[in-house]
Amino acid sequence: MAKKRDRKQEVIIVGTGPSGATAALELVKRGKKVLMIETGIEDPLGRGIFHTYKNLYDKHLFFSRSKEGIIIDRALTLGGSSAVFSGNAFRPTKSFQDDLGLDLEPTVQETIDELKLAPFPNEFMKGWNGTQRLVAAADTLGINFLPQLKFIDPSRCNPKCDSCMSGCSINARWTARDYVRKAMAWPNGIDLIMNTTVEEVLMDNNNKRAIGVRVSGNKDIPEKLYADTVILAAGGMGSPTILQKSGIEEAGKSFFMDPMDVVVGFTKEKGPWKAMTFTHACEDFEESDHFMIGNVKGEGAWLSQMMRLKPFFKNILKFQKRGLYSMGMFTKIADENKGSIDAKGRMSKPMTDNDMRNMKKGDDLCTRILIEAGCEPDTISISTMIGGHPGGTAAIGTVVDQNFESLKIKNLYVCDTSVFPRSPGSPPVLTLIAMVKKWARELDIA
């Protein structure tokens, strides 16, 4: 595609994840001249775990922790974390839409229809004896496990694969790359610059209006890029660091990340306990107790223990020597906005008493289900506090207004999980697409 960055851009969008990609597609359909900037590269997907973490993930964040020890996964590549997400699509609850101040039902349903989001077909379950066992055990205990909507085309999916989180090599799973490519192919489509880091927002002489961005890391382009409107969609960790470097000190003062515990148990009954991760979940406790539980492939739960070396060596090796077979589950909570992130990306994320109490409720339920499914009680172990959905760092009413525009700088917008007033407690991709579709179509820019 021909380079167009020498033309006068009307809009600069920072970030190519679900939010940025949706905004780009919607605005280019309106005839806007759009430049997208991505800090990562378009690395191939589906080359295995080692390649994925080496080339797609934010190495500093994956191999380090928050001040309090919480691990967080974040991909820095074309398509953002959608390149490596599990493909779950959760409808935003009515209460979350009320807190957001938006009725998203029309664009939620539009997105479900457009991308043909649906649970996996029943025939897939025939090959997942581990999943069947967990669903049956939950039902026995009166816990309602339901199939989840997926950003995955079952006609292309290999139900024996379960490699969504290292990228789908057969293009069965939707990623934001699909929207970026559509936006590039649109008449007079977007321009895209990759491997380029946005450092700060440029402002006019009065520091009241955004006029572009300053970038680094790419010697082939100017350090300063100009546009009439700047939209930050760099995610719940990327956007607040840019905002702080641009003089908006309120950004990053609150922070959630939907922490997850992975619970693994072992059974004497010979496996292999086949499953696919995150196909079923119970949302009954989402509104009342702010947590949800679901299934994880046994091997995935086993490998998650490696993030916590002590339980890995203490439990996994011990039980493997006994010739036991693994099954896994997860608890994910809607944590309170008590964390922070600074301009250098350093995180603090304390867990409140409510957070810990809700996580324990979920872990206890997972343990009961695993034991009911045949796991030995003394084999249950937990890999704790793995975060995956950072947000709340530029919340509506604190950093941006109801139209997602900065309260301090005109023509500067934020349209990712940063603006969420609280954690939704579930995967946010469907919510983000629906939210940005509605917002971008109504955005009043010249």
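- Remark: side-chain polar atoms of Thr77 are paired, donor with acceptor, to backbone N or O of Ile41 under 3.5 angstrom.
- Checked by atom type and distance alone, the side chain of Trp128 pairs as donor or acceptor with a backbone atom of Pro159 at under 3.5 Å.
- For residues 343-355, the salt bridge (charged side-chain N to carboxylate O under 4.0 Å, His left out) pairs, not counting sequence neighbours, are Asp335-Lys349, Asp342-Arg346.
- Note on residues 391-413: pairs passing ring pair (Phe, Tyr, Trp, His ring centres under 6.0 Å), not counting sequence neighbours, are Phe404-Trp439, Tyr413-Trp439.
- Panel note: side chain Asp178, backbone Trp174; no donor-acceptor pair is recorded below 3.5 Å.
- Between Lys360 and Asp364 there is a salt bridge, since a side-chain N of the basic residue sits under 4.0 Å from a carboxylate O of the acidic one.
- The two residues Ala210 and Val230 come nearest to each other via the heavy atoms CB-CG2, 4.2 Å.
- Of the possible donor and acceptor atoms, one in the side chain of Glu38 sits under 3.5 Å from a partner among the backbone N and O of Thr16.
- Heavy atoms only, all atoms of each residue included: Val198 and Ile242 are closest at O-CG1, 3.7 Å.
- For the pair Phe85 and Val429, the minimum side-chain heavy-atom distance is below 4.5 Å.
- By the 4.5 Å heavy-atom criterion applied to side chains, Met237 and Thr393 are not counted as neighbours.
- With sequence neighbours excluded, the residues satisfying side chain to side chain contact (heavy atoms under 4.5 Å, CB included) with Leu141 are Ile143, Arg368, Ile369, Glu372.
- For the residue pair Thr277 / Asn295, no side-chain donor-acceptor distance below 3.5 Å is found, with atom types taken as modelled.
- With no hydrogens or angles considered, no side-chain donor-acceptor pair links Ser348 and Ser340 at under 3.5 Å.
- Residues Leu149 and Ala118 share a closest heavy-atom pair of CD2-CA, 3.7 Å.
- Arg133 contributes a side-chain N or O that, together with a main-chain N or O of Ala373, makes up a donor-acceptor pair within less than 3.5 Å.
- With sequence neighbours left out, the side chain to side chain contact (heavy atoms under 4.5 Å, CB included) criterion links Arg441 to Glu26, Thr107, Glu110, Lys437.
- In this view, Lys253 satisfies the side chain to side chain contact (heavy atoms under 4.5 Å, CB included) rule with no residue, not counting sequence neighbours.
- Residues Val34 and Glu10 have side chains not in contact (no heavy-atom distance under 4.5 Å, counting atoms from C-beta outward).
- Among residue pairs with one or both ends in residues 81-94, those qualifying as salt bridge (charged side-chain N to carboxylate O under 4.0 Å, His left out) are Arg91-Glu105, Lys94-Asp98; sequence neighbours excluded.
- Side-chain contact annotation: Asn411 with Thr229, donor-acceptor N/O pair under 3.5 Å absent.
- The side-chain heavy atoms of Glu68 and Met347, taken from C-beta on, include no pair separated by under 4.5 Å.
- Taking each heavy atom of Thr331 and Cys366 in turn, the nearest pair found is OG1-SG, 3.5 Å.
- Applying the ring pair (Phe, Tyr, Trp, His ring centres under 6.0 Å) test to every pair with at least one member in residues 329-359, sequence neighbours left out, gives these pairs: Phe278-Phe330.
- Summarising the geometry of Asn195 relative to Asn218, their closest heavy-atom pair is O-CB, 3.9 Å, with the distance given to 0.1 Å.
- In terms of modelled atom types and a separation under 3.5 Å, the side chain of Thr140 and the main chain of Ala136 share a donor-acceptor contact.
- Here ring pair (Phe, Tyr, Trp, His ring centres under 6.0 Å) pairs that include residues 15-36, with residues two or more places apart or in two chains, number zero.
- The salt bridge (charged side-chain N to carboxylate O under 4.0 Å, His left out) contacts involving residues 414-436 comprise Asp99-Arg422, where partners must be two or more places apart or lie in separate chains.
- Listed by first and then second residue, the salt bridge (charged side-chain N to carboxylate O under 4.0 Å, His left out) pairs involving residues 386-409 are Glu250-Lys408 (not counting sequence neighbours).
- Electrostatic pairing of Asp113 and Lys116 does not count as a salt bridge here, judged by no charged N lying under 4.0 Å from a carboxylate O.
- For the side chain to side chain contact (heavy atoms under 4.5 Å, CB included) test, residues two or more places apart in sequence or in another chain that qualify with Thr367 are Val263, Ile371, Ile380.
- With 3.5 Å as the limit, one finds a donor-acceptor pair spanning the side chains of Lys150 and Asn88.
- Counting only N and O atoms by type, the side chains of Glu200 and Ser246 include no donor and acceptor under 3.5 Å apart.
- For the side-chain contact (heavy atoms from CB on, under 4.5 Å) test with Thr22, the passing option among Ile13, Ile433, Leu27 is Ile433; the others fail.
- Between Ser82 and Pro18, the shortest heavy-atom distance links the atoms CB-CG, 3.9 Å.
- A salt bridge is absent between Asp258 and Lys332; no separation between the charged side-chain nitrogens and carboxylate oxygens falls under 4.0 Å.
- In the model, Ser426 has no side-chain atom that pairs as donor or acceptor with a side-chain atom of Glu283 under 3.5 Å.
- In terms of the ring pair (Phe, Tyr, Trp, His ring centres under 6.0 Å) criterion, residue partners of Phe285 (sequence neighbours excluded) are, by chain and number, Phe291.
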